[in-house]
Amino acid sequence: MNNKTNAPTGGRDYRETLVLPKTDFPMRAGLPKREPEWIARWQQLDIYVEIRKNSKGREKFSYHDGPPYANGHVHLGTALNKILKDFVVRSHQMMGYDASFVPGWDCHGLPIEWKVEEGYRKKGKAKDDVPINEFRAECRAYAAHWLDVQREEFKRLGVFADWDNPYTTMAYSSEARIASEFLKFAEAGKLYRGSKPVMWSPVEQTALAEAEVEYADHVSTTIWVRFAVQGGVHDGASVLIWTTTPWTIPANRAVSYSKKIPYGLYEVTAIDDSEFTPWSVVGEKLIVADSLWDDVAKTAKISDATRLGDVDPTGLICAHPFTGEGYDFDVPLLEGDHVTEEAGTGFVHTAPGHGAEDYDVWLANGYRDIPETVGPDGVYYDHVPLFAGLDIIRTTGKKTGQDGKANAAVLAKLTETGALLARGRITHSYPHSWRSKAPVIFRNTPQWFIPMEDDKGAEGLRGKALAALKETEFFPPRGANRIGAMVADRPDWLISRQRAWGVPLTLFVRQGTGEYLQNREVNARIIAAIEAEGADAWVAENAQERFLKGLVDDWETYEKITDILDVWFDSGCSHAFTLEDREDQQWPADVYLEGSDQHRGWFQSSLLESCGTRGRAPYNKVVTHGFIMAEDGRKMSKSLGNTMVPEDVARQYGIEILRLWTASSDYQEDLRIGDEILKTAADSYRKIRNTLRYLLGALAEYEPGEEMDVANLPSLERLILHRLVELDEQVKTGYRNFDYKGVFGAIFTFCNADLSQLFFDIRKDSLYCDPLNEPRRKAALYVMDKVFHSVVRWLAPTLPFTTEETWLNRFPSETDSVHLHDFSKVDASWSDPELAGHWAAIRKVRKVVLGALEVERREKRMGSSLQSAPIVSLAGADDLASIAKMAEGDTEQFFADVCITSGMVLQTGSGNSQGFLLEDVPGVSVEPVMAEGVKCARSWKMFDPTTADPAYPDITPRDARAVIEWDAANG
RNA sequence: AGGCCGGUAGCUCAGCUGGUUAGAGCGCGCCCCUGAUAAGGGCGAGGUCGGAAGUUCAAGUCUUCUUCGGCCUACCA
């Protein structure tokens with residue numbers, strides 16, 4: 001070891017004469033505690049409003065917030081969503097736009113109804129006993145409560161938005177606008193009434209959602225029924241179906257089959273008559289799936305049969321079992337994916353009014369009319385032949401929920417006509433109403449639809465929507481595919497719901513005809529009333545008289561529709577009542593950003609609504625993010641015990657870590673999160689924080705003066721400025737393309753590779769030891785100041801807390817904020833690719849030098865690199881030329897500084913056999929020679945003592961100048 | 001079950017239209033520094049690119065199959 005210095009024993013301690021980093025910016029952030037303080041400060045500054053004021057006159061960047069549902073706490077998924085939106089808005093704001101963020105909430109809908117109803121049930125009250133507008137008022141209060149909760153939780157995420165003036169779908173103005181958007185469809189005639197089977201409880205006479213039913217065992221009567229084939233080669237044979245709901249036979253209109261199932265034609269040759277007389281007869285021909293024949297035969301007591309051949313059911317036409325008695329229509333065979341070989345006969349009895357799949361198959365084959373057979377009370381309508389007035393399920397009395405008269409009557413009739421092959425009973429899981437516990441039925445109910453197509457083909461809504469998607473840019477691009485396929489395939493838009501909490505379909509229908517009133521004056525009245533009183537104005541008792549009387553002569557012949565709009569229609573109108581109706585907004589939006597599930601949701605409903613009313617999408621770009629999963633890559637769920645909530649993260653790590661994690665992850669895929677992952681993010685955070693801290697420490701007493709002539713700066717400083725230009729491009733492109741990990745990665749790499757490892761490390765000597773006004777030192781500080789402004793502001797959209805702390809640490813102020821500034825201007829003329837090329841060569845050679853020194857360390861021959869003065873042999877001329885070109889003054893001295901050694905010998909040639917080589921850096925050989933001379937007591941560099949200032953024999957002449965300067969200043 | 005998508009080192013990510021020994025940062029191990037110090041610098045160990053088959057002179061990159069996972073297919077939002 002060579003540690004002797006030139007200092008006499010007891011020599012001066014020069015430490016105080018150094019300019020060491022000076023900052024009170026703590027290394028540890030204490031985020032969980034500090035973050036709420038920053039939020040309080042921003043609130044006090046009213047910073048969102050302040051930013052808006054400062055942005056007057058700028059070009060608007062139109063971001064439109066997708067509304068979360070006002071129910072429950074914010075979870076990590078919602079947090080990710082809002083944080084990404086915050087990135088979008090903040091980055092565009094700082095790129096020079098006026099980027100507002102109007103947060104929204106979706107307030108209507110079933111889940112809120114449930115919760116309110118649940119409250120009733122706890123108090124022993126029934127929903128039906130409460131006047132509807134009273135019930136709606138409670139829903140409104142419930143939504144308002146959760147909106148407040150979520151608003152506070154969102155604020156805690158550091159999101160800047162107009163929290164005091166959000167949009168909500170339940171605001172009167174929104175409800176009025178939703179109704180008026182709906183009426184646009186009505187006025188244009190782009191609305192029709194159809195019907196669709198839904199789960200229906202005859203006891204409560206109401207539609208039920210999946211979540212409102214509970215499954216319980218139920219004993220059903222099962223029947224095997226023959227459908228006689230009409231004409232063709234199989235005339236006289238029967239297609240056999242099986243069903244657990246005999247009462248749906250009167251509604252039968254088709255039989256479904258599958259192309260994947262092999263069917264056979266069987267002739268019964270013997271029957272088993274041991275117990276009672278079966279309904280099967282010898283000689284009859286049955287068409288059944290081959291795989292199920294044995295089961296069928298057993299059930300029907302068929303002891304022997306002959307398979308006559310294959311059957312392709314395509315195109316077969318059957319007769320209804322009750323043909324000749326009011327059921328005189330063809331029953332076609334239809335192909336359907338839902339048909340399986342799991343149970344039954346391989347054929348599915350299809351009643352389009354009583355099953356979702358039945359309905360789909362029926363429509364898919366071009367049929368439009370859905371027979372209506374059962375009324376709201378679960379009783380056959382009067383027009384149903386043979387069975388009018390019979391009930392499916394008993395709705396009153398002790399036997400409520402048990403079979404009514406329908407099943408038995410149908411069974412009897414099937415027996416009478418000879419269509420019944422067999423019957424049985426089955427216990428299976430069946431949906432029941434969670435209120436009455438009675439079984440529910442599928443029943444088609446009148447519904448309102450917006451058609452996807454009209455007579456004019458491409459002019460239809462589907463055509464417009466598909467065309468609009470072509471004009472939309474998707475991030476990631478695959479989103480276009482996904483929503484495109486959905487729009488291309490989707491059925492007509494069903495917009496009516498038999499619910500209470502929502503915006504009503506403000507439609508009057510002429511009794512008995514289904515024809516709806518199209519009257520602009522009436523509509524204007526309705527909209528004005530909702531604007532003033534909310535949608536309750538429609539729901540109230542007197543609506544019909546109030547809106548029609550005086551404008552429509554025969555107003556009493558119209559009835560009010562009591563359905564509400566699908567909540568997707570509500571949020572699909574948000575562009576109208578937010579982007580169009582608010583002063584601070586602009587239609588269309590530049591960006592919509594939501595989870596990928598919204599391809600079917602908000603992206604689509606907004607698209608359809610806007611295309612239907614305005615002919616184009618309400619957005620130019622659509623950004624989607626994936627879903628949050630637990631660390632093991634599985635969905636978070638309470639049952640798996642792998643959940644994590646934003647509050648946990650805020651308390652343990654700080655929201656800033658969650659934001660950094662968001663910025664460094666590929667949010668377009670599904671994201672994993674957990675403690676290990678957040679720890680990684682926390683490590684990255686520390687690295688960034690220390691870089692900022694070092695800048696603050698170095699710049700503590702730096703007063704930005706006049707601009708320097710960049711051409712005269714040392715090449716290292718010019719390299720860093722060049723990198724700033726590169727970064728500027730990367731960062732802005734990244735922010736424009738919503739590529740946050742690209743932005744963060746670039747900045748992070750810059751902090752590590754360019755600043756910490758190179759710039760700061762090399763310039764430490766100059767910053768600490770040079771006389772204050774040494775040009776080299778001033779140049780370094782000048783560039784560090786530029787770096788500070790660039791990096792801090794580039795990071796501001798992602799790390800708003802830490803950048804604010806950094807900013808105010810350097811520029812203390814009661815009113816300023818980094819978030820009131822734009823990205824720092826980077827001078828494009830700093831770009832110097834040629835210089836960067838030379839520096840790439842220098843760094844390559846440097847790497848070999850560092851490698852050589854490492855060997856010495858390992859051998860304990862050396863500690864600090866300043867103890868060495870290596871001999872570097874360069875085989876090629878290019879590397880040496882690069883070093884010489886980048887050097888200011890002495891080339892060897894320059895390269896010694898770069899390698900942080902006390903001396904350096906540069907020579908051409910391949911060096912001697914002792915030289916250290918790196919495989920991937922050919923032509924560079926390094927001899928790690930120890931430096932001569934003595935160790936400077938101040939800068940710790942080895943130097944030739946004969947060159948020392950006699951007054952300061954123990955330090956280098958440069959250090960002597962600095963000490964003289966310091967002594968003069970500090971007496 | 002169908003539609004769409006994904007699986008590259010312990011972690012987060014690069015790897016463009018197929019082309020030299022698959023990269024970076026963090027973490028980990030070791031070393032140095034002790035004037036960024038619960039910091040800074042350096043070196044190093046980690047990957048059969050989910051698995052299988054195929055196309056090709058050549059595949060992480062193309063095709064097929066398979067496995068695991070996610071979203072969607074609700075009068076849920």
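We name chains A, B, ... by the order of the sequence lines, and we start the count at 1 in each one. These figures come from a predicted structure and were not determined experimentally.
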Pairing partner of B:rC4 (Watson-Crick or G-U wobble, both distances under 3.5 Å):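 Check on B:rC4: paired to B:rG70, both distances under 3.5 Å.
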
Contact summary for A:P67 and A:Y167, nearest pair of heavy atoms: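 Closest approach of A:P67 to A:Y167, heavy atoms only: CD-OH, 3.2 Å.
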
Check the phosphate of [N] against [X], side-chain N and O only, distance under 4.0 Å to OP1 or OP2. Yes or no?
| X | N | result |
| --- | --- | --- |
| A:R858 | B:rC31 | no |
| A:S756 | B:rG41 | yes |
| A:R693 | B:rU37 | yes |

Sub-3.5 Å pairs of nitrogen or oxygen atoms, protein against nucleotides 21-26 of chain B:
| residue | atom | partner | partner atom | Å |
| --- | --- | --- | --- | --- |
| B:rC26 | O2' | A:D683 | OD2 | 3.4 |

Euclidean distance for P, B:rG42 against B:rC49 (whole angstrom):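 Nearest-Å result for B:rG42 against B:rC49 at atom P: 31 Å.
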
Of the listed nucleotides B:rC71, B:rC43, B:rC33, the one nearest the side chain of A:D597: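 That would be B:rC71.
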
Partner set under salt bridge (Lys or Arg N to Asp or Glu O under 4.0 Å) for A:D675, not counting sequence neighbours: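 In terms of salt bridge (Lys or Arg N to Asp or Glu O under 4.0 Å), with neighbours along the sequence ignored, A:D675 is linked to no residue.
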
Contacts of A:E669 that satisfy salt bridge (Lys or Arg N to Asp or Glu O under 4.0 Å) - sequence neighbours left out: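 Counting only residues at least two positions away or on another chain, A:E669 forms a salt bridge (Lys or Arg N to Asp or Glu O under 4.0 Å) with A:R478.
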
Sugar-phosphate, base or nothing in reach of A:G745, heavy atoms under 4.0 Å: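 Result for A:G745 = nothing.
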
Sub-6.0 Å ring centroid separation between A:Y653 and A:W661: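 Aromatic pair excluded; centres sit 6.0 Å or further apart.
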
Parallel, tilted or perpendicular: ring planes of A:Y694 versus A:F760, cut at 30 and 60 degrees: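 Taking A:F760 first and then A:Y694, their aromatic rings sit tilted (interplane angle of 30° to 60°).
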
